[in-house]
Amino acid sequence: MIRRKIRNQYLSLFLLLSLLIGVGSAFAFYQYYELYKDSQKEELEREAYISNGLLEAVLGDATKLLDASKPEFESQINQGAITSESAYHILNKSHLAFNAFIKNTEFQSTFYVDQNGMVRASNNGVEYGAVDLADRLYFQTLKSNPKLGYAVGDLVVGKATGTLAFHIATPLLDRDGKFKGLISQQVAADELAKHLEHSFKTLTGEKIAIYLNNGRLAFLYPKRVKIEDANFRLRQDVDKKIIAIKDDSGLGVFETAYAGRSSEREFIGYATSDKYGMLTIISLSKSKMDAAFLRRSQILGVVVMLAFTLLGAIMWRFYRNALLVASTFTISMTDSLTGLKNRRFFDTEFPKFWKEAFRDKQPISALFIDIDHFKNFNDDYGHECGDQALIAVAKTIQTFITRPLDFACRWGGEEFAVLLPETNERGSISLANEILQAVRTIQLHFPCSNNPHITVSIGIASMVVNEDNKTDDLIDMADKAMYIAKQGGRNKYAVFNQPITAMGQ
């Protein structure tokens, strides 16, 4: 009887333990999958952001090149002196001057196209062949609306060069504002793809598409995908999704059914470019993501099976404790009122950035921000309204912290600190001006009465760290500059070690 009871208790305990470990292992795999999926979504969003930024940088360089040639073209057009030879010399001269400062392998050829759509010259020479670009999207756009500064074309095979590319063009107008042709810069798709591959650690299975406002395709990666196979409805689908989720940040990621193939699902990362009217989309099919997850988790699966009985309970306990520790650590580093990082986080992270700034000889800057007359504000409107003011100012500051390494924290009371690695004095002043102007527009409502006005004083300090500096120097300098701003009348910024006349309003 006793042996049977012991045996039953042991078997019951073994089965219960096995059940608990099995459920725990399954849950661990599920959580790992969710974390992996979230990391992939974050990576898609990051890649969309980088791709969009790279595209804007390339187009920005292209517009500089076009702008360098445009005045001389229009001058000769107004004088009636424009010829293919003179157009070639203008384009060639601009290219030589541009390439002396910026090496951009994406730029292949720059064309002068007359008002009828015929190519007359490029930076490579006079065009004697009859190359007609009147059917190109950018030509039709600028001819019908010459007041536009620029127009971006869709992805095509260049008639003059045979290169897969898209174009950005600017119109040429006479003194009466009439359309007299355009200058077009060709952007090579293959070179842009190489640049993207160099910018990302990996691009396995992702598809990159850049769309114009009308849904036409401007760029596609990988190049093995045929242009005619691209899903031209995807831009419209993504636009609808962005509107549906009410995301106006121009950046995000979501999961959706692949248009045209209802059985397939895609993770879509996107970024918009309001400047050029373009939408960058990076998509990854769920099946490819799941396959990558299975390959990645094979070793983990073998280890779990081998250690199923012995380590199951330990793994589950460790997982639970790890989540608890991570949660506790996050809470300890966050200011409970404003949601910003707190002084403890600053004291922990600042020495790391200080060492990197010293090692790389890069400038590092700090802003020290103090709400003006905050004690009187609390006395006049109450502490509850004071808390609302602190929260509003914190949110305003955080709005302008957009770079990955920058961070803001609540220093204490009504004081805030912003750390800006790899930022010089000029960049710090620009940020301080933006914060000053944004804080002035803060509107406080209930429980505040009479819509109280908030201003801040900002101290700015920048330095290139050397061995004589101490870690406290930067914040001390910013703190002193903040007091100079207050002495100068508040609601402004002051830069450390500059005359009071240099303070910003």
Side-chain angles (χ1 to χ4, degrees), residues 55-74 76-77 82-99 102 104-174 178-192 210 212-214 216-219 273 275-278:
L55 177 68
E56 288 192 335
V58 169
L59 291 179
D61 287 343
T63 58
K64 293 176 184 177
L65 182 56
L66 296 177
D67 290 343
S69 305
K70 185 173 181 177
E72 193 168 349
F73 266 102
E74 292 186 337
Q76 291 199 17
I77 287 173
I82 189 71
T83 64
S84 295
E85 288 76 10
S86 62
Y88 157 66
H89 288 298
I90 295 172
L91 293 176
N92 186 55
K93 180 176 64 175
S94 298
H95 260 268
L96 290 175
F98 182 82
N99 290 329
I102 300 176
N104 199 320
T105 58
E106 291 92 350
F107 294 168
Q108 297 294 308
S109 299
T110 309
F111 300 101
Y112 162 57
V113 183
D114 67 17
Q115 61 190 3
N116 298 315
M118 302 302 296
V119 176
R120 296 303 180 190
S122 74
N123 61 296
N124 299 315
V126 176
E127 297 291 335
Y128 295 105
V131 180
D132 187 357
L133 300 181
D135 60 336
R136 293 307 196 200
L137 176 63
Y138 57 88
F139 182 86
Q140 295 175 357
T141 300
L142 292 178
K143 185 173 183 179
S144 61
N145 192 355
K147 292 184 179 180
L148 288 176
Y150 305 96
V152 180
D154 51 351
L155 187 63
V156 294
V157 175
K159 293 181 179 180
T161 63
T163 302
L164 184 64
F166 63 96
H167 299 74
I168 181 169
T170 186
L172 298 174
L173 309 178
D174 62 14
K178 294 182 179 180
F179 179 76
K180 293 298 181 180
L182 56 81
I183 318 171
S184 172
Q185 176 59 56
Q186 186 181 74
V187 181
D190 288 348
E191 293 298 325
L192 182 59
I210 300 175
L212 306 175
N213 276 333
N214 59 6
R216 300 283 288 274
L217 192 67
F219 176 76
S273 173
K275 184 176 182 180
Y276 296 105
M278 306 181 81

* List the steps and the verdict of side chain to side chain contact (heavy atoms under 4.5 Å, CB included) for Asn145 and Leu148. => CA-CA 6 Å; Asn145 192 355; Leu148 288 176; 3.7 Å; yes
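Checked against Tyr138 for a side-chain contact (heavy atoms from CB on, under 4.5 Å), the options Leu182, Ile168, Val152, Asp154 give a single hit: Leu182.
Looking at Met118 and Val131, their side chains never come closer than 4.5 Å, going by heavy atoms from C-beta outward. At least one side-chain heavy atom of Phe166 sits less than 4.5 Å from a side-chain heavy atom of Leu59. A heavy-atom distance below 4.5 Å is not found between the side chains of Pro71 and Phe73. Counting heavy atoms from C-beta outward, Leu91 and Ile183 have side chains that approach closer than 4.5 Å.
Checked against the 6.0 Å centroid threshold, Phe179 and Phe139 count as a close aromatic pair.
Annotation for Pro146 and Ser144: closest pair CD-C, 3.6 Å, computed over non-hydrogen atoms. Minimum heavy-atom separation, Ala165 to Gln186: CB-CG, 3.5 Å. Looking at every heavy atom in both residues, Val157 comes nearest to Arg136 through O-NH2, 3.0 Å. Nearest heavy atoms, Thr141 versus Ala151: CG2-CB, 4.0 Å. Gly149 approaches Pro171 most closely through the heavy-atom pair O-CD, 3.3 Å. Gln115 approaches Lys143 most closely through the heavy-atom pair O-NZ, 3.6 Å.
Expressed to the nearest 0.5 Å, how far CD1 of Ile210 lies from CG of Leu155 amounts to 9.5 Å. Put simply, CG on Asn123 and OG on Ser94 are 9.5 Å apart, with the number rounded to the nearest 0.5 Å. For the atom pair NE2 of His95 and OG of Ser69, the computed distance is 7.0 Å after rounding to the nearest 0.5 Å.
Proximity of a side-chain donor or acceptor of Asp114 to a complementary backbone N or O of Asn116 within less than 3.5 Å is detected. Side-chain atoms of Ser84 come within 3.5 Å of backbone atoms of Arg120 as a donor-acceptor pair (strictly under, hydrogens ignored). Formation of a donor-acceptor pair under 3.5 Å by the Glu74 side chain with backbone atoms of Leu173 is found in this model. Without hydrogens or angle criteria, Ser184 side chain to His167 main chain gives no donor-acceptor distance under 3.5 Å.
Under the side chain to side chain contact (heavy atoms under 4.5 Å, CB included) criterion, Gln76 pairs with Glu72, Ile82, Ser86, Ile90, not counting sequence neighbours.
A donor and an acceptor atom, one from each side chain of Tyr150 and Asp67, are located under 3.5 Å apart.
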